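Chain identifiers are assigned alphabetically (A, B, ...) following the order of the sequence lines, protein sequences preceding nucleic acid strands; residue numbering begins at 1 within each chain. Any value given below was found using the heavy atoms of this structure, including those in side chains, with hydrogens, waters and symmetry copies removed. From a predicted model like this one, the values you see are computed outputs, not experimental measurements.
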There are 2 protein chains.
Amino acid sequence: MSNVTAGVPTGSVQSVDRALTILEQLARHGEAGVTELAAGLGVHKSTAFRLVATLEQHGLVEQTEDRGKYRLGVGLLRLAGATTARLDVVQEARPVSRKLAADTGETVNVAVLADRAALYLDQVAGSSALQPHNWVGQHIPLHATANGKVLLCGLEPDRLDDTLGSLAAYTDMTITKKEALRAELDRVRAQGYAVAVDELEVGLTAAAAPILNAHGDVIASMSVSGPTFRLPAARIQTVVGQLVEAATEVSHRLGWGHR
Amino acid sequence: MSNVTAGVPTGSVQSVDRALTILEQLARHGEAGVTELAAGLGVHKSTAFRLVATLEQHGLVEQTEDRGKYRLGVGLLRLAGATTARLDVVQEARPVSRKLAADTGETVNVAVLADRAALYLDQVAGSSALQPHNWVGQHIPLHATANGKVLLCGLEPDRLDDTLGSLAAYTDMTITKKEALRAELDRVRAQGYAVAVDELEVGLTAAAAPILNAHGDVIASMSVSGPTFRLPAARIQTVVGQLVEAATEVSHRLGWGHR
DNA sequence: CGTCACGTTGCTCATAGCGCAACGATAAGC
DNA sequence: GCTTATCGTTGCGCTATGAGCAACGTGACG
């Protein structure tokens, strides 16, 4: 295939490439006419028309009315449904969790919100000899863990009160005042991650970051945790960087992406 | 474009058509290799390879490992997200769905009528740990679901016959007689909501209520569904109250009920 | 009533993309 | 461990294919 003129990568089919670019164009701008799409591709409008006509036959685009503009169609939902059917958080997170655990040497967990508690779905042990107990399947209080704080951030503020029960104190560091917790959650939301030092158990430190779905909802939380002496404030900062990157990677795999 | 040999409709681009057929093939079978895809299309495997390569560059498919099979990719999720973002029904319903899911703890769906089936546009999972099947993008039979019954109520009686195909039995509870279905639809219309217990799947219970536009047309349906053991008759009544209120709220947001 | 811009459609030509065959790698079988 | 089969992948040459052109129908606007 010749590739002298434009940026069509080797081994790709030009017309298919253009058709898919049209889909992306429509995803960005919502609606567009044939002429506009043709201009975006740099092709003749008849070319663009035949491409959208083909997309339309497969239900991937639809026109607003007869002789009208085009927009993305419900056929995409059908395809996406087939995608999510074989896509779950644990499966997508696992390779990323492994890498994060290897890079940091600490334990990585993935948790979701369930029945007013954090439910731990997956755990990858760190390389260190000193390992925590296995939390998978356990329900952990929300207000005393990094994961819990992140998951709480995904809730609407008015749902917060009934989700939280009484804020039991597990250590001296546990946040037990609702006002203090709200302030903490605001901080978590702002910085994009949560940290908990000695709040559930003395000597246990954890950091957590949100995992988002295609709609931007917080559907899970990923954490790195270890003994406090191995995770001092200075090291937390570097670990958080890796953690946020990993969580973002998983979010992308689940379809999250800003445009 | 000549169309002497095969069933390529007039005005469509062959290679694009083939590429999209590959997507549909992957949606059906989950995973497939180049050779398999080529066989499905009736083309040479090199042709199929270039098509999937192009799809891969746009993130619509991905290979399981190097030199492995292909499956649908996350790019589809982003496109689907952009699709629903443009649908004002989903846009308006989403916050309400969230609240309803949180209040009931069960899964909330929004569906519309499309191609003689219920097309699920959006889903918000309940707080319960066990995640139900993700229905988004799926086409579900109309006569065996609460959503389907509600959507059927929005049709004129004479359009009912051609919209309904044969009433397949999915369980012992499925309504298979047209007369029984008509009676059921009258009941749904009268009470303003529909219930389906074990009609699509044994152990699955759902309730649904209509979403109306400014003209009072039924444009979508909102449902709450969960395991039958968690939704006994007694609880259904309270859930239906919340559901109808939520659906009405969405209808108002869409301009229904001038006040 | 004219003009303009839109989406749509025959027509023709060259080029894009198809089939072919060969390659490297992997896995299975004797 | 060597053969064999099958997979995904890649150069190559020919031709069906799809791109561009220009014209058409339609609706909006002044």
Side-chain angles (χ1 to χ4, degrees), chain A residues 1-23 25-26 29-73, chain B residues 1-23 25-26 29-73:
Chain A
M1 169 175 318
S2 78
N3 183 15
V4 282
T5 55
V8 183
T10 309
S12 77
V13 181
Q14 187 190 55
S15 49
V16 174
D17 189 77
R18 286 171 169 173
L20 302 184
T21 304
I22 284 178
L23 288 180
Q25 226 175 313
L26 289 174
H29 300 112
E31 283 186 354
V34 167
T35 308
E36 188 180 348
L37 292 170
L41 286 174
V43 299
H44 197 270
K45 58 177 181 171
S46 67
T47 302
F49 170 73
R50 276 183 272 263
L51 293 173
V52 287
T54 308
L55 291 169
E56 189 184 13
Q57 278 158 22
H58 287 258
L60 302 197
V61 306
E62 51 198 29
Q63 37 195 347
T64 54
E65 47 195 76
D66 274 347
R67 296 280 170 118
K69 289 166 173 285
Y70 287 88
R71 67 177 172 212
L72 295 179
Chain B
M1 169 176 318
S2 76
N3 183 15
V4 281
T5 56
V8 183
T10 308
S12 76
V13 181
Q14 186 190 54
S15 50
V16 175
D17 189 78
R18 286 170 169 173
L20 301 184
T21 304
I22 285 180
L23 289 180
Q25 223 174 316
L26 288 174
H29 300 109
E31 285 185 354
V34 168
T35 308
E36 190 180 347
L37 292 170
L41 286 173
V43 299
H44 198 268
K45 58 178 181 171
S46 66
T47 303
F49 170 73
R50 277 183 273 263
L51 293 173
V52 289
T54 309
L55 291 169
E56 189 183 13
Q57 280 159 20
H58 288 258
L60 301 197
V61 306
E62 50 197 31
Q63 37 195 350
T64 54
E65 40 190 89
D66 275 347
R67 292 286 173 107
K69 289 166 174 285
Y70 287 87
R71 66 176 175 207
L72 295 179

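Side-chain atoms of A:Arg50 come within donor-acceptor range of the base of D:dG20, with a qualifying N/O pair under 3.5 Å.
Across all their heavy atoms, A:Ala48 and A:Val43 have their closest contact at N-CG2, 4.2 Å. Between A:Thr47 and A:Arg18 the shortest heavy-atom distance is CG2-NH1, 4.2 Å. Closest approach of A:Arg71 to A:Gly30, counting heavy atoms only: CB-O, 3.4 Å. Smallest separation of non-hydrogen atoms from B:Ile22 and B:Leu55: CG2-CD1, 4.0 Å.
A heavy-atom distance below 4.0 Å to DNA chain C is reached by these residues of residues 35-48 of chain B, ordered by number: B:Val43, B:His44, B:Ser46, B:Thr47.
In this entry the distance linking CZ of A:Phe49 with P of D:dG18 reads 15 Å, nearest Å. D:dG27 atom C1' lies 14 Å from atom NZ of A:Lys69, rounded to whole Å. Distance B:Glu31 CD to D:dG8 P: 12 Å, rounded to the nearest Å. At whole-Å resolution of the value, CD in A:Glu56 and C1' in C:dT8 are 12 Å apart. Put simply, CG on A:Leu51 is 13 Å from C1' on C:dA16, counting in whole angstrom units. Whole-Å rounding puts the A:Gln63 CD to D:dT26 C1' distance at 14 Å. Atom C1' of nucleotide C:dG7 and atom CZ of A:Arg71 are separated by 17 Å, given to the nearest angstrom.
For C:dC18, neither phosphate oxygen OP1 nor OP2 lies less than 4.0 angstrom from any side-chain nitrogen or oxygen of A:Gln14. Neither OP1 nor OP2 of D:dT17 sits under 4.0 Å from any side-chain N or O of A:Ser15. Phosphate contact (OP1/OP2 of C:dT8, side-chain N/O of A:Tyr70, threshold under 4.0 Å): present.
Of the two residues near DNA chain C, A:Ala32 and B:Arg18, the one whose nearest nucleotide lies more 5' is A:Ala32.
Judged as a side chain to side chain contact (heavy atoms under 4.5 Å, CB included), and not counting sequence neighbours, the contacts of A:Glu56 are A:Val61, A:Gln63, A:Tyr70. Under the side chain to side chain contact (heavy atoms under 4.5 Å, CB included) criterion, B:Ser46 pairs with B:His44, B:Arg50, sequence neighbours left out.
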> Yes or no on side-chain contact (heavy atoms from CB on, under 4.5 Å) for B:Leu60 and B:Leu72, after CA distance, side-chain angles and deciding distance?
Replying inline: CA-CA 6 Å; B:Leu60 301 197; B:Leu72 295 179; over 6 Å; no
